[in-house]
2 protein chains.
Amino acid sequence: MESENKIYQELKKRLTTDTYDHGQKLRAEVLREEFECSASTVREILFRLASDGLVHFLDQKGFRVPELSPTKLIELTHMRILLESEGAVLSIRQGGVGWEASLTAAHHKLSHLEKRIHAREDPTELVDLWFNSEKEFHQTLISACSSSTLKHMHSLIYAQFRQQLMKADRKFDFISNNIKQHNDILEAALAADEALTRKRVHDHLARHLTGQTATLASESDAE
Amino acid sequence: MESENKIYQELKKRLTTDTYDHGQKLRAEVLREEFECSASTVREILFRLASDGLVHFLDQKGFRVPELSPTKLIELTHMRILLESEGAVLSIRQGGVGWEASLTAAHHKLSHLEKRIHAREDPTELVDLWFNSEKEFHQTLISACSSSTLKHMHSLIYAQFRQQLMKADRKFDFISNNIKQHNDILEAALAADEALTRKRVHDHLARHLTGQTATLASESDAE
DNA sequence: TTATATTAAAATCTCGAAAATCTGAAAAAT
DNA sequence: ATTTTTCAGATTTTCGAGATTTTAATATAA
């Protein structure tokens with residue numbers, strides 16, 4: 001019998017990696033057995049995850065892993081641009097040398113991983129490490145922003161974004177060619193150039209939206 | 001025995017009006033009795049509301065109405081500015097004459113109420129109507145934006161904002177002098193002036209933030 | 001054959017009670 | 001007098017069984 005929060009974290013982790021299939025049913029009885037707890041406990045946790053947007057709930061029909069949705073991915077990208085560029089600018093204003101240091105550190109780790117992957121050094125195993133490192137970099141970017149509401153919102157969006165992106169067959173074309181972009185973001189942030197940071201965060205996140213129908217209001221602003 | 005969703009809606013309504021005190025304990029047993037359902041059902045609903053940010057949950061210590069927090073209110077205002085100005089601009093681009101019509105309609109109803117309140121016509125009873133009408137106007141403003149993710153996020157933020165603001169003693173000084181500002185927003189939106197709409201949404205929402213410590217990045221952008 | 005009705009199996013939902021945990025007051029020790 | 005320990009009442013959490021609903025397989029009728 002594991003603690004409720006442990007189970008929540010474990011399920012969240014699975015839902016943001018490619019453990020489950022999109023659209024797969026999450027049956028309380030199965031999870032109950034695996035986690036050695038009661039069905040009601042599982043139900044509570046699934047409700048929480050549903051509010052986080054990581055599982056889909058239908059009355060009398062149970063819980064499912066959300067379907068893949070290109071539209072949703074575009075919307076999530078849009079939200080990330082909105083929240084991360086705002087959070088980054090606020091961090092530039094509010095964060096001191098400590099923030100700069102941790103951002104540099106996060107970038108260094110990420111950069112190191114990216115070089116190893118680029119050199120095709122055992123990519124399959126490095127991919128998970130890369131995703132965690134990428135998450136850490138982007139979280140650190142906004143970490144000095146004083147608004148915990150913004151940071152919380154961002155973490156919700158980020159988790160859903162990952163969930164949409166995490167099918168194995170999509171992983172690789174997402175990772176490619178990020179070294180320069182992450183470098184550029186770091187550079188602009190350390191230079192405390194707010195407009196440039198906004199633009200580079202935008203360009204980085206929007207890199208896979210080319211040719212998409214939905215227009216972002218922030219796109220034209222960032223020219 | 002009421003349906004689970006009914007109870008959820010009713011509780012949500014109470015939490016965003018001044019039914020409960022801030023910090024008040026929400027005991028499952030009490031709610032169970034009132035809504036004539038089981039404690040587990042109440043628990044499920046309270047977990048959902050906790051993820052919505054409308055109740056505060058502490059492990060082994062139950063559920064509470066969140067405390068009043070000036071900081072939180074500032075952060076929520078900040079998020080509203082971010083989401084609403086973006087949503088409004090997208091609506092200007094994506095909404096057609098139907099959107100313009102419904103925005104005009106929402107404004108007309110709100111405007112009518114504001115005039116009655118301004119004339120001190122039975123204010124206490126009109127206040128609740130005003131808040132609903134105000135909500136409708138702001139929701140309509142972003143309604144033509146295609147991103148349901150943005151709209152969902154906004155509705156979460158708006159509900160928390162209302163909850164922070166809804167103590168009876170704060171209601172009145174929040175309502176005062178909005179006629180012109182709502183007018184200005186409508187005008188800019190109908191003129192499809194994106195920059196002006198952004199600025200007016202910002203000024204309107206930030207009207208109670210004067211002298212506050214936290215700086216908004218969007219503030220300097222909107223000059 | 002196709003569509004509808006029937007029914008059994010499977011899954012979900014609700015419930016009240018048992019188990020675990022917390023709280024605060026009274027007793028004991030320093 | 002102050003701190004620590006003990007303990008009982010109150011609250012929260014977990015649980016599994018029974019009620020309800022959905023699903024899917026089979027039978028019946030058009």
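Naming convention: chains lettered A, B, ... in sequence-line order (proteins, then strands); numbering from 1 in each chain.
Contacts classified as salt bridge (charged side-chain N to carboxylate O under 4.0 Å, His left out) and involving residues 94-111 of chain A (residues at least two apart or in different chains) are given here: A:K109-A:E136.
Look at CZ on A:F35: it is 18 Å from C1' on D:dC15, rounded to the nearest Å. For the pair B:E29 CD and C:dA18 P, the interatomic distance rounds to 15 Å; values are reported in whole Å. If you take OH of B:Y8 and C1' of C:dC13, they are 19 Å apart, rounded to a whole angstrom. Taking atom CG of A:L46 as the reference point, atom P of C:dC13 lies 10 Å away to the nearest angstrom. Nucleotide D:dT12 holds its P atom 14 Å from the CD atom of A:E4, rounded to whole Å. In this structure, the CG atom of B:L31 is 14 Å from the C1' atom of D:dT12, given to the nearest Å.
With sequence neighbours excluded, the residues forming a salt bridge (Lys or Arg N to Asp or Glu O under 4.0 Å) with B:R48 are B:E4, listed by chain and number. Applying the side-chain hydrogen bond (donor to acceptor under 3.5 Å, both in side chains) rule to B:S102 yields no partners; only residues at least two apart in sequence or on another chain are considered. Judged as a side-chain hydrogen bond (donor to acceptor under 3.5 Å, both in side chains), and not counting sequence neighbours, A:R27 has no contacts. In terms of the side-chain hydrogen bond (donor to acceptor under 3.5 Å, both in side chains) criterion, B:N132 has no residue partners (sequence neighbours excluded). With sequence neighbours left out, the side-chain hydrogen bond (donor to acceptor under 3.5 Å, both in side chains) criterion links A:E44 to B:R43. Residues meeting the salt bridge (Lys or Arg N to Asp or Glu O under 4.0 Å) test with B:E84, sequence neighbours left out: B:R80.
Looking only at atom types and distance, the side chain of A:S146 has a donor-acceptor partner in the side chain of A:Q94 under 3.5 Å away. Side-chain contact, A:H204 with A:H138: a donor N or O sits under 3.5 Å from an acceptor N or O. With hydrogens and angles left out, the side-chain atoms of A:T140 and A:S143 include no donor and acceptor closer than 3.5 Å.
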Distances under 3.5 Å only, N/O to N/O: pair up the protein atoms with those of nucleotides 8-10 of chain C.
none

Could you go through nucleotides 16-18 of chain D and list every protein N or O atom that sits under 3.5 Å from one of its N or O atoms, giving the distance for each pair?
residue, atom, partner, partner atom, Å
D:dG16, O6, A:S40, OG, 2.8

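Contacts of residues 53-65 of chain B with DNA chain C (heavy atom under 4.0 Å): B:Q60, B:K61.
Side-chain contact between A:I185 and A:F137 is present, with at least one heavy-atom pair separated by less than 4.5 Å.
Taking the screw axis at each terminus of the helix from C:dT1-D:dA30 to C:dT30-D:dA1 from five consecutive base pairs, the angle between the two is 10° to within rounding of 10 degrees.
The phosphate of C:dC15 (OP1 or OP2) has a side-chain N or O of B:T41 nearer than 4.0 angstrom. For D:dT13, the OP1/OP2 oxygens have a side-chain nitrogen or oxygen of B:R43 closer than 4.0 Å.
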List the atom pairs, with distances to 0.1 Å, where a side-chain N or O of residues 57-69 of chain A and a protein N or O form a donor-acceptor pair under 3.5 Å, not counting sequence neighbours.
residue, atom, partner, partner atom, Å
A:R64, NH1, A:G23, O, 2.6
A:S69, OG, A:K72, N, 2.9

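Look at A:R14 and A:E34 and you find a salt bridge, because one of the NZ, NE, NH1 or NH2 atoms lies within 4.0 Å of a carboxylate O, short of that distance.
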